[in-house]
Amino acid sequence: MMACATIPCHVRASFSAAVPSLPADPTSHKLPRQRHCSIPSSFSIEAHDLSFNISRHNKFIPILKNCSLQVSPGQLWMLLGPNGCGKSTLLKILAGVLHPSDGTVNVNRPNSFVFQNPDHQVVMPTIEADVAFGLGKFSLGSVEVRCRVAKVLEAVGMIEYLQSPVQTLSGGQKQRVAIAGALAEACKVLLLDELTTFLDENDQMGVINAVKKCVRGPEQVAALWVTHRLEELKYADDAVYMEDGRVITQGDIASVSRFLNRTYKFYT
Ligand SMILES: Nc1ncnc2c1ncn2[C@@H]1O[C@H](COP(=O)(O)OP(=O)(O)OP(=O)(O)O)[C@@H](O)[C@H]1O
């Protein structure tokens, strides 16, 4: 693996977990123009002019400023930027966990959010039980559940661990189980927050390959992956780079890499 260049820099979900909502902007006297819209789109992930504001000590603080992006089905995008620039906030808005102050969001459902720390999302005693857990809300027979669990564990290269206790897995293996849980629910969009930060090279590649397989597969899953590891850029189709709540540049990997190398020589 290349040296880990870092930009100075987190449930499996059908995201029902308690992520604290930021307080609404008290200085705003108008309702948000639109939050999640349901207009059919050829994009799996679409955001236009998203803004997100909070108030701290009665002070208005813009966190996201007019952010736009569009990710097609079957594409993997990386989302980069320095610590605190708003990547996770953007991801949470796309997941529907936070509501934008302004702008429009259209993200195909079901979508799933996978956190940085797999211990927060892989919670059942065995791999099989964990992946089956999310299927409890559907009226599926036991054969169908077993079938789906096996299929998605195969897809993420974890089928041989079906009966393994969760505590015997590495961090990257747990991440792959979390992704399998999302896939079992037939998710169309994966929102991935710094999946590989704490992983060694082997686990990192396992997770990258699992995500690539999802987006390249017949289901045409779209993935938006927050990362600080520039060497992961090469596995993506496109990338977005943010700073201070704004999208600074976006496009194919070659052009975003050129931009980063030119503008931020210390990343290379
Ligand atoms: N619950 C919250 N309450 C108040 N401010 C918050 C909250 N969550 C995030 N922020 C602020 O919003 C800004 C963007 O945070 P965010 O976590 O989206 O950045 P990030 O780019 O994901 O950072 P990192 O790379 O460090 O994870 C930061 O200034 C942060 O302090």
Side-chain angles (χ1 to χ4, degrees), residues 4-11 13 15-28 32 35-36 45 47 49-69 71 76-103 105 107 111-121 171 175 178 189-199 204 207 211 223-233 236 238-250 256 259-260 263-264 266-267:
C4 176
T6 57
I7 293 172
C9 62
H10 329 312
V11 236
F15 202 136
S16 54
V19 172
S21 277
L22 302 184
D25 164 23
T27 64
S28 173
R35 290 176 175 174
H36 281 258
I45 304 171
D49 272 342
L50 278 190
S51 296
F52 184 74
N53 311 315
I54 63 167
S55 67
R56 203 183 277 151
H57 308 304
N58 286 327
K59 217 174 133 199
F60 168 83
I61 303 174
I63 302 292
L64 295 181
K65 304 160 190 167
N66 305 100
C67 294
S68 299
L69 61 86
V71 181
L76 168 58
W77 281 55
M78 296 289 181
L79 176 52
L80 301 146
N83 284 117
C85 72
K87 304 178 298 296
S88 296
T89 303
L90 177 55
L91 221 54
K92 287 172 191 166
I93 289 176
L94 296 173
V97 175
L98 293 175
H99 298 297
S101 304
D102 212 341
V105 184
V107 179
N111 53 65
S112 289
F113 192 112
V114 182
F115 285 102
Q116 183 181 51
N117 186 343
D119 290 331
H120 291 164
Q121 55 203 127
Q175 290 287 26
V189 170
L190 282 170
L191 301 165
L192 310 166
D193 203 354
E194 297 191 45
L195 292 193
T196 56
T197 302
F198 301 126
L199 304 184
Q204 180 194 20
V207 173
V211 172
L224 182 61
W225 178 325
V226 171
T227 184
H228 287 286
R229 300 175 90 158
L230 289 186
E231 81 271 15
E232 289 176 345
L233 263 184
D238 292 288
V240 193
Y241 175 75
M242 292 178 65
E243 265 181 26
D244 190 26
R246 289 185 197 285
V247 170
I248 301 296
T249 189
Q250 60 182 302
V256 172
F259 171 86
L260 291 173
T263 318
Y264 306 98
F266 57 91
Y267 289 162

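First listed ligand is number 1; within each ligand, the first listed atom is number 1.
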Tell me which part of [X] gets within contact of ligand 1: side chain, backbone, both or neither, using heavy atoms under 4.0 Å.
{"X": "T89", "value": "both"}
{"X": "V226", "value": "neither"}
{"X": "M242", "value": "neither"}

Test side chain to side chain contact (heavy atoms under 4.5 Å, CB included) on V240 and L90 and set out the steps. CA-CA 12 Å; V240 193; L90 177 55; 6.0 Å; no

Between [X] (side chain) and [Y] (backbone), is there a donor-acceptor pair under 3.5 Å?
{"X": "Q175", "Y": "L195", "result": "yes"}
{"X": "K87", "Y": "P82", "result": "yes"}
{"X": "R229", "Y": "T196", "result": "yes"}

Subset of ligand 1 atoms that lie under 4.0 Å from at least one heavy atom of [X]:
{"X": "E194", "result": "25 (O), 27 (O)"}
{"X": "P82", "result": "21 (O)"}
{"X": "I54", "result": "4 (C), 5 (N)"}
{"X": "H228", "result": "25 (O)"}

For atom 29 (O) of ligand 1, tell me which residue out of G84, S55, G245 has the closest non-hydrogen atom. G84

Does R56 have a heavy atom less than 4.0 Å from any atom of ligand 1? yes

For the 3.5 Å polar cut-off, considering only N or O atoms, please tell me whether G86 and ligand 1 meet it. yes

